[in-house]
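Report on the following structure.
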Amino acid sequence: MGASQTRSENQYQDLMDKTGFSLEQIKNLHKRFQQLSGNEDTISRENLETIPALANNPIRKQIIEAFFDKRNQHQNEVGSLEEIGFEQFLMVMSHFRPPTLKTTEEEREAMRKEKLRFLFNMHDTDNDGTITLVEYRKVVEELLSKSGAIGQEAAKAIADAAMLEVASTNVPHMEPDDFYEGITFEHFEQILKGLEMETRMHIRFLDVDTTTMRCGKSTS
Amino acid sequence: MPSRTGSRSPAGLVKSLPERGLLLLMVLVLLEGTVLTLGAASSPDINHQENLGNDQEANKVTNHTKKAFPVLSLDYHHIQTPFEISLWVLLASLMKLGFHLIPRLSGIVPESCLLIVVGLLVGGLIKLAGENVPPVLDSRLFFLCLLPPIILDAGYFLPIRPFMENLGTILMFAVVGTLWNAFFIGGLLYAVCQIQPANPSDLHTLELLPCLLFGSIISAVDPVAVLAVFEEIHINELLHILVFGESLLNDAVTVVLYHLFEEYAGVGTVTVMDGFLGVISFLVVALGGVLVGAIYGILAAFTSRFTSHTRVIEPLFVFVYSYMAYLSAEMFHLSGIMALIACGAVMRPYVEANISHKSHTTIKYFLKMWSSVSETLIFIFLGVATVDGPHSWNWTFVTVTVILCLVARVIGVVGLTYIINKFRIVKLTTKDQFIVAYGGLRGAIAFSLGFLLDKDQFPMRKMFLTAIITVIFFTVFVQGMTIKPLVELLAVKKKQEAKRSINEEIHTQFLDHLLTGIEDICGHYGHHHWKDKLNRFNKKYVKKCLIAGERSKEPQLIAFYHKMEMKQAIELVESGGGVKLPSAVPSTVSMQNIQPKKIPPAKSVERALPQLPKGREEEIRKILRSNLQKTRQRLRSYNRHTLVVDPYEDGLGDLLLKKQKMIELEKKIKEMSNYLTVPAAPPDSPTMCRARLASDPQAYSVKPANDSVPTIQVDLASPQSPDSVNVMDEFRRANQEEEDQGLMMRPPHGQSGPNKSGEADGTRDQQKLMRCLSDPGPSADEEEDEPFLP
C-alpha cells in the first residue's frame, strides 16, 4: 500500500508539473475521474455522454469531442482518441485554469493563446487550420439547436454576418473576386481580444489553491 | 455609465467671446431675477394673511362703493409654489447649459463642484437680499422627489452581468465596509470627545450613541455624488460597478443603523438583544426591499405585455410602477433604493421585449432628463442649504471627522480587499483599491439624514450638520477634482468604447455553455451551473408569461442579431440608401468574398448564363430607388393616438415587402436556372447561389452604393464564376432528380418551403419594423447593445 502511494504521489508530482494543478486539485479530479469511468483506467465517450446534467447543453457533442481531441494534448498530434486516461483528462482540464496574482504578463499572454487555441480546435473540426463558413455555421446552429425552427433559419444569417465581420476586420480590402478562405487562428485571436479570455474561461473549482478551501461539492 | 449630459461640441453654437459673455450676462440677470422673486416669495405667509384680513375688513366696510373693474391685476400667491419650483428647475437647467459652454472649466472641475458653488452664490444672494432662505433641502422633498429619478435611472440601466459577477465583492464592501466605517468613526469620535478632561467643552456632553448615529450617517458612500464624479472619468467597468454598486447597496445598512441608533439614542443603551434584532432587521430591510421591487417589476413587465394597442402610455407604466415600488418600500421602512434597483433591473428585459422602439427611446430620455435635473438641483440645494445653516463650528469635531472618514475608508478597503482577493478570480490590484477608496464620496443623502434628526433629542444637531457639510464639501471638491488627474497619473484602465460585435456575442454564449458543460463533467455545481438553470427556468416559464407573442421564444443570440439588423436598417433608411454606410472598419468585403467557391468541374461546358431580361432588372432597380426616396419624403405626421399607423413606418413596411418580393423573384430565377446546369456537378457541393444572398440583410445593407441590386449584377456580370452555372439549391439537394435532366424547363415547384419561410420572415420583419424608428437616439450608446438577458 505504501509503495503504491508513493508511486501515485510521484505520478501526481509529474502531473502537477505538466498541468500546473495543485496536489489537492489533482486528487479531487482523480476522484471524479474514477466516478465517471466506473473505476476503470480510461473514459470513453459513452461515459461522458451519460452525465445527466449535460443533456441540456446545446454544445455537448463538441465539449465531449474536445476531450478526445489529440490537439488539446499539447503533443503536436492530430486526430482523435477513442479513450482517454487520467493524464489526458487533466491536460484538457488544465485549459480552464485561471491566472493568479503571480502570473506574469507573458504567462497571461500564453494562457490566453492556449485557451483561444482550445476554442479554435473546438470549431475547426476538420483540422485544416481555418474555420470555414460551413464549420462556423455548424457552431451557430448547435448553439441555437435548443431553440427549434426559429433558431435554424436565423443561424445561417447570423453565421454569415459573423464571418463577414471577421473578414472585414482582418482583411479590410478585398477585391470582389477574392475569396476569404476561413478564419485563421490569428484572425480568431484578433476578433476575440476584447473578451479577455484568460479571466473569463475558467472554472471556479480549479481556483482552489488553498487547502482550507475544501470544495465539498466536487464529488457529487 | 453613459454621460448624462450628452454634450456635443458647442463650438458651432457660440463661437466668439462677446457672444459667450452676453450669454453669461443673461444667465446672471436671470439669476438675479430668480433670487429676488424667490426672496420675495419666501417671505412667510403672515403678510399674506394680514393682507387678506385687511382686505376682508375693507370689503366689509366698503362693499357698497364700486371700484373700477380691474383690467390687469397681479396675484402672485395664486401660482406661487409651482412658479418657484419651475424657477428652480429652470435655474438648474440654465446652469447646466452654461457650464458646457465653457469647455475648459468643465474639463477641470467636475460639474458637481460648480453646482454647489452656484448654490452657495444663490443662497448668498438671497441672504444679502435680506430674505429668508427657503428650506430647500427639506428631507421629504429630497427623499420623495429628488432622489428616486436618479436611482431609477441607475437601476434601469444597471449593467446586470458585471453587477452579478461581482456581487459578492460589492456586498462585502457595502455591508461590512459600511458597518466598519460607522463603528470606527463613531467610536473614535466618542473617544476623542472624551479626551479633554481638563477643559470641559460642549463635546463632553456627546454620548456614545449619538456619536454612533453620526458615524452611521456619515459613513455611507453616496450614489448621487459617485455617479456625478465617476461619469466624467470613464473608468473601466469593473471599478465603476464596484464603487457604484456599493453606493447603492449600502442603503439598507444605513437605514437599519440610522433607525437603530436613533431609536435608542434617547434611552442611552443598546443591549445585545437590540443588536441581534438589528441584524434581523437588516435582513428584512434588504431582502424586503428587493422583494417589493421585484414584485412591482414583474407587475410592470406583465402589464407591458398588453400594451401593443396603446403604445403612447407604455413609458408611464415603467415610471409609475417603479415609483410605487419606492414608496411602498419606504412605507414599511424598507430600503427604497434597493426596491427601485430591483424593480428596474427585473422589469427591464421583459419590458424591452414588449414595448415599441419609440417607447424605449422615450423611457431612456425621460429617465436621463429627470435624473439629470434632479442631480443638478440636489447640488444647488446643497449649496443653498450650506448658506442657510444652522451652523455650529467646532474645530476639533469637524477636523477629526474628516480625517477619520478618510482613514476609515482606506483601512476598510484595504482590509476587505485582502479577504476578498482570496475568493476572486480577477484579483483587485493596489491601483484598484486606491480608486475604490478614493471614490468613496459622501453626498446629499448624508445631509438629509442629518437634517431629519430631531432637534430636541439631539442637541448637537447643528454641529453634526456642519461636520456633515464639511465632509461632503471635502469629498466632492477635493476628491472629486483630483480623481481625474489621479486616474490619468496611475494609468488606470479606462472604459472600452468598442461596440459589442456579433462574434463576441456568439462566443460569450458559447463560453457560457462550455463552462457549464465542464462544470457538469467535473461534477461541480458552480455558479455557471446555477446561472444556466436560472436561464432555462426563465426561458421556459417566465418569458412565456411576461413577453407578448412571438418574442417570448426568441433566443438571446437571435434577439441580439435582430437588434443589429434593425440598427443597420435604420441607418440605411436614414442615409437615404444612396450613401455607403460608414462602418467601423471601412472595408470592401462583402458577402461574396466569404462564400465558398467551387472548383470548376473538369468537364465544364460553356453555357449561356441565364440573363435576367434587361427590362426586369431595370424595373426592380426603379422600384427600390423610388421606395427609398418615398420613405424620405413622406410627411412625418404626428398623431397622439395612433402611433402604429405612422406613414413613415408604413413606408418601411412597404420597402420590406418589396424586398421580399424581390427575393422571391430571384428564387424563381434561380430555380429556372437550375435546369440549365451541367449534370456533372458534384452533389455535395454546398455552393450557395449568390442570388440567394439577397435574403441576407447584411448583404443588402453593406452594398447600397451601387444603387442597384448588387447580387444580380455580380452574378451575371462576372465571367469567372462558373459555379453560377451550376447553381444548386441546398433545399433541393435531397432530391437527386434534377441531375441528368439536361436542358429542361420544369415549372418551379416545391417553392412552398423557401417561400413560406420567406413570408414568415417578411411578416415578422414587418411586425418588428412596425415597432420601431423615427428617433433612433444616440446610436453609440452602450445600453443599446446590452443583451436582454445576460
Side-chain angles (χ1 to χ4, degrees), chain A residues 29 32 35-36 48 51 53-54 56-60 63 96 98 101 119 132-134 139-140 143-144 147-148 150-151 153-154 157-158 160-169 171-174 176-180 191-192 194-195 199-205 207 210 215 217-220, chain B residues 421-422 425-427 496 498 501-504 506-511 513-529 532 536 553-555 557-558 561-562 564 583 585-597 686 693 695-698 702 714 718 720 757 761:
Chain A
L29 284 171
R32 180 64 181 171
Q35 248 187 1
L36 287 174
L48 289 180
I51 300 176
L54 266 187
N56 285 315
N57 204 315
I59 55 170
R60 59 195 276 264
I63 299 178
F96 295 95
L101 264 176
L119 280 182
T132 60
L133 185 61
V134 177
V139 170
V140 180
L143 264 185
L144 294 173
S147 317
I150 309 178
E153 290 162 29
I158 295 177
D160 290 345
M163 194 71 155
L164 186 65
E165 196 182 76
V166 177
S168 351
T169 338
V171 193
H173 297 287
M174 287 181 89
D177 301 328
D178 285 351
F179 174 57
Y180 183 69
I191 55 168
L192 290 187
L195 278 187
T199 47
R200 290 184 74 144
M201 186 165 143
H202 67 268
I203 299 288
R204 214 159 245 278
F205 168 59
D207 181 40
T210 58
C215 255
K217 308 170 217 158
S218 64
T219 52
S220 62
Chain B
N421 267 346
K422 290 203 202 301
I425 302 295
V426 184
K427 317 274 184 203
Q496 284 171 321
S501 71
I502 186 93
N503 277 297
E504 284 183 359
I506 291 177
H507 281 95
T508 309
Q509 295 255 305
F510 192 82
L511 258 185
H513 289 299
L514 173 65
L515 293 175
T516 311
I518 299 285
E519 274 189 0
D520 291 332
I521 291 180
C522 278
H524 168 62
Y525 288 153
H527 74 286
H528 283 284
H529 178 91
D532 190 55
R536 268 187 290 125
K553 297 193 214 78
E554 200 175 47
L557 188 59
I558 298 185
Y561 180 63
H562 282 322
M564 261 181 57
S583 55
V585 178
S587 74
T588 54
V589 180
S590 68
M591 281 310 275
Q592 62 187 100
N593 292 109
I594 67 173
Q595 294 309 315
K597 266 208 257 252
L693 294 180
S695 67
D696 278 333
Q698 193 76 20
V702 163
V714 163
S718 58
Q720 61 188 89
S757 66
D761 257 334

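Letters A, B, ... are given to chains in the order of the sequence lines, protein chains preceding strands, and every chain is numbered from 1. Just so it is clear, the model here is predicted, and its values are computed rather than measured.
- In this structure, CG in B:Asn503 is found 11.5 Å from CD1 in A:Ile158, a value given to the nearest 0.5 Å.
- Put simply, the side chain of B:Asp520 does not reach to within 4.5 Å of the side chain of A:Ile63, judged on heavy atoms.
- Nearest heavy-atom pair across B:Leu511 and A:Arg200 is CD1-CB, 4.3 Å.
- From A:Leu48, atom CG reaches atom CD1 of B:Ile521 across 5.0 Å, with rounding to the nearest 0.5 Å.
- Both the backbone and the side chain of A:Val166 come within contact range of chain B, with heavy atoms under 4.5 Å apart.
- Your options are A:Val140, A:Leu36, A:Ile191, A:Asn56, and the one with the most heavy-atom pairs under 4.5 Å with chain B is A:Asn56.
- To the nearest 0.5 Å, atom CG of residue A:Asp160 and atom CD1 of residue B:Ile502 are 11.0 Å apart.
- The side-chain hydrogen bond (donor to acceptor under 3.5 Å, both in side chains) test applied to A:Thr132 returns no partner, not counting sequence neighbours.
- In this structure, the portion of A:Ile59 lying under 4.5 Å from any heavy atom of chain B is its side chain and not its backbone.
- Looking at residues two or more places apart in sequence or on another chain, you find a side chain to side chain contact (heavy atoms under 4.5 Å, CB included) between B:Asp532 and B:His513, B:Thr516, B:Arg536.
- To the nearest 0.5 Å, atoms CD (B:Glu519) and CG (A:Asn57) are separated by 11.0 Å.
- No donor-acceptor distance shorter than 3.5 angstrom exists from the side chain of A:Arg60 to the backbone of B:Gly517, with no hydrogens or angles considered.
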